[in-house]
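In this text, all values refer to a predicted model and were calculated from it rather than measured experimentally.
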Protein chains: 2
Amino acid sequence: MSLDYAILGFLNYHPYSGYDLKKIFDTTVQHFWSADQSQIYRTLARMTEQGLVDVEKIAQDDRPDRKVYHVTEAGRAALLDWLSEPPPMQANRSAPLIQVFFCGQLPDDDVLAKFEYVADLMREILKRYDQIPGQIDIHAPEIASPRERYFWLLTLDLGIRTMRANLEWAESVIEQIKNGQVPKA
Amino acid sequence: MSLDYAILGFLNYHPYSGYDLKKIFDTTVQHFWSADQSQIYRTLARMTEQGLVDVEKIAQDDRPDRKVYHVTEAGRAALLDWLSEPPPMQANRSAPLIQVFFCGQLPDDDVLAKFEYVADLMREILKRYDQIPGQIDIHAPEIASPRERYFWLLTLDLGIRTMRANLEWAESVIEQIKNGQVPKA
DNA sequence: CGCCTATATATGCATCGTCCTATATGATAT
DNA sequence: ATATCATATAGGACGATGCATATATAGGCG
């Protein structure tokens, strides 16, 4: 259901097509949410049936026709209701940590390589996060008010803080392996 | 597929039943993985067909019969192969952050209440993390080697670091709201 | 006697999510 | 000429997940 509200949230700023929404997801909220193209279309179809959004068909000469979606009053009400609810606290799920949990089975050299790989990935992700702020104007210029931008930057701030914590963790593990502080089997 | 390897990892320490595994998941790795009971049983059934595990039926007088699962050689090989692979970096998905992203729609008081609720939840989770170390002996005493414990504590360390970062973030947001630093619509 | 809890396994159902593929158009590159 | 890319929408197949429910045994409580 989260995708529903993410879509409603963006459509509440401005009408968009499924194709637009896919691009917006991939650029503005990609640090905490991803959306598959086919699922966006399917969700929009369902939400149209449910009366949460309206479709406006726009014919184009040079390109395929667009279906632009608008929030209805019901959709807007559903969004505001949901925003008022306590946040949907989900269970943490981290597949990589399953590897960490059991990787005592491997020799230290392999473990070290694994953590150095992870640390490099995290440094790259942090670099990518630095580039996000510039993208909201390009891909969702309708999110223009200082207040909207503020809350958007809050999510990015959390992403950066979390990723830094992860990186510090990985670096501390690397240190411990190099110093021979990992117990032997 | 992650659940497969988590199950293989535990069965590689010791044979367990589905019921045992459910309890172990809920106590030892609950800070980064949860498993539904029905899915554990279904996964064990599939893995038996695939030859990754073997079943041993144990009749009990006072209680229903148990089906205790053992890792096969193929299962052990699959586990070690997977542990050697680069960690399966998944997309971050955070439903609560969708609320944060769009909650500029709400008045500051509601936003403040939301973040105080989140901060309280995180403090509770941090308290719960403190109690995890004692539980591994009770619910999975077979994970006894210092090396295994070390990697297990690494996952807990990351959970604590991440949760602390989240809490600091929430507290900084609360400060900003109280100081009137959030832009008005 | 009925009810609840713990142990133990299993199925049904619906949703969510991802991957792959199909369809259609126009512009640009080789 | 052909290939590929960007735009634009959509369906099939499948796996993962979660919730509810069914079945069975034994013990404890009121």
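If you check dT7(C), dG17(C), dC19(D) against the side chain of S38(B), the one that comes closest is dC19(D). When each of dA8(D), dG18(D), dT25(D) is scored by its nearest atom to the side-chain atoms of P64(B), the top-ranked nucleotide is dT25(D). Of the candidate nucleotides dA16(D), dA8(C), dA10(C), dA10(C) has the atom nearest to the side chain of Q37(B).
With sequence neighbours excluded, the residues satisfying side chain to side chain contact (heavy atoms under 4.5 Å, CB included) with L126(B) are I160(B), M163(B), R164(B), L167(B). With sequence neighbours left out, H14(B) forms a ring-ring contact (aromatic ring centres under 6.0 Å, His included) with Y16(B). For Y41(B), the ring-ring contact (aromatic ring centres under 6.0 Å, His included) criterion is met by no residue, not counting sequence neighbours. Checked against side chain to side chain contact (heavy atoms under 4.5 Å, CB included), V53(A) has the following partners two or more places apart in sequence or in another chain: L8(A), L11(A), M47(A), T48(A), Y69(A).
Listed by first and then second residue, the salt bridge (charged side-chain N to carboxylate O under 4.0 Å, His left out) pairs that reach into residues 18-33 of chain A are D20(A)-R66(A), K22(A)-D26(A), sequence neighbours excluded. Applying the salt bridge (charged side-chain N to carboxylate O under 4.0 Å, His left out) test to residues at least two apart or on different chains, the pairs with a partner in residues 165-185 of chain B are D108(B)-K184(B), E116(B)-K178(B), R123(B)-E171(B). Contacts classified as ring-ring contact (aromatic ring centres under 6.0 Å, His included) and involving residues 103-135 of chain A (residues at least two apart or in different chains) are given here: H31(A)-Y129(A), F115(A)-W169(A). Among pairs with a residue in residues 39-52 of chain B, those fulfilling salt bridge (charged side-chain N to carboxylate O under 4.0 Å, His left out) read D4(B)-R46(B), at least two apart in sequence or across chains.
Residues from residues 39-54 of chain B placing a heavy atom under 4.0 Å of any atom in DNA chain D, listed by number, are Q39(B), R42(B). Annotation: proximity of residues 7-32 of chain A to DNA chain C (heavy atom, distance under 4.0 Å) is found for no residue.
Between R93(B) and dT18(C) there is a side-chain polar atom (N or O) within less than 4.0 angstrom of OP1 or OP2. Considering only side-chain N and O atoms, Q60(A) lies nowhere under 4.0 angstrom from the phosphate OP1 or OP2 of dT7(D). The side chain of K67(A) places an N or O atom within less than 4.0 Å of a non-bridging phosphate oxygen (OP1 or OP2) of dA10(D).
When the nearest nucleotides of DNA chain C are assigned to R63(A) and D4(A) by heavy-atom distance, the more 5′-ward of the two goes with D4(A).
Rounded to an integer number of Å, the gap from CG of D65(B) to C1' of dA10(C) is 14 Å. dG18(D) atom C1' lies 13 Å from atom CG of L3(B), rounded to whole Å. Atom P of nucleotide dA16(D) and atom CG of D36(A) are separated by 16 Å, given to the nearest angstrom. To the nearest angstrom, P of dA16(D) lies 12 Å from CD1 of I98(A). Remark: P of dT9(C) and NZ of K57(B) are 12 Å apart, rounded to the nearest angstrom. Distance CD (E56(B)) to C1' (dA8(C)): 16 Å, rounded to an integer number of Å.
The distance from atom CD of Q50(B) to atom OG1 of T72(B), rounded to the nearest 0.5 Å, is 10.5 Å. Interatomic distance, CG of L3(B) versus CG of L21(B), reported as 9.0 Å (0.5 Å rounding).
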What's touching nucleotides 27-29 of chain C from the protein side, N or O pairs under 3.5 Å?
none

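For the pair G18(A) and I40(A), the tightest heavy-atom approach, listed with the atom from each and the gap, is O-CG2, 4.0 Å.
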Contacts table for residues 92-107 of chain A: side-chain donor-acceptor under 3.5 angstrom, sequence neighbours left out:
| unit_1 | atom_1 | unit_2 | atom_2 | d |
| --- | --- | --- | --- | --- |
| R93(A) | NH2 | S34(B) | O | 2.5 |
| S94(A) | OG | L97(A) | N | 3.4 |
| Q99(A) | OE1 | K114(A) | NZ | 2.7 |
| Q99(A) | NE2 | W82(B) | O | 2.8 |
| Q99(A) | NE2 | E85(B) | O | 3.2 |
| Q105(A) | OE1 | N12(B) | ND2 | 3.4 |

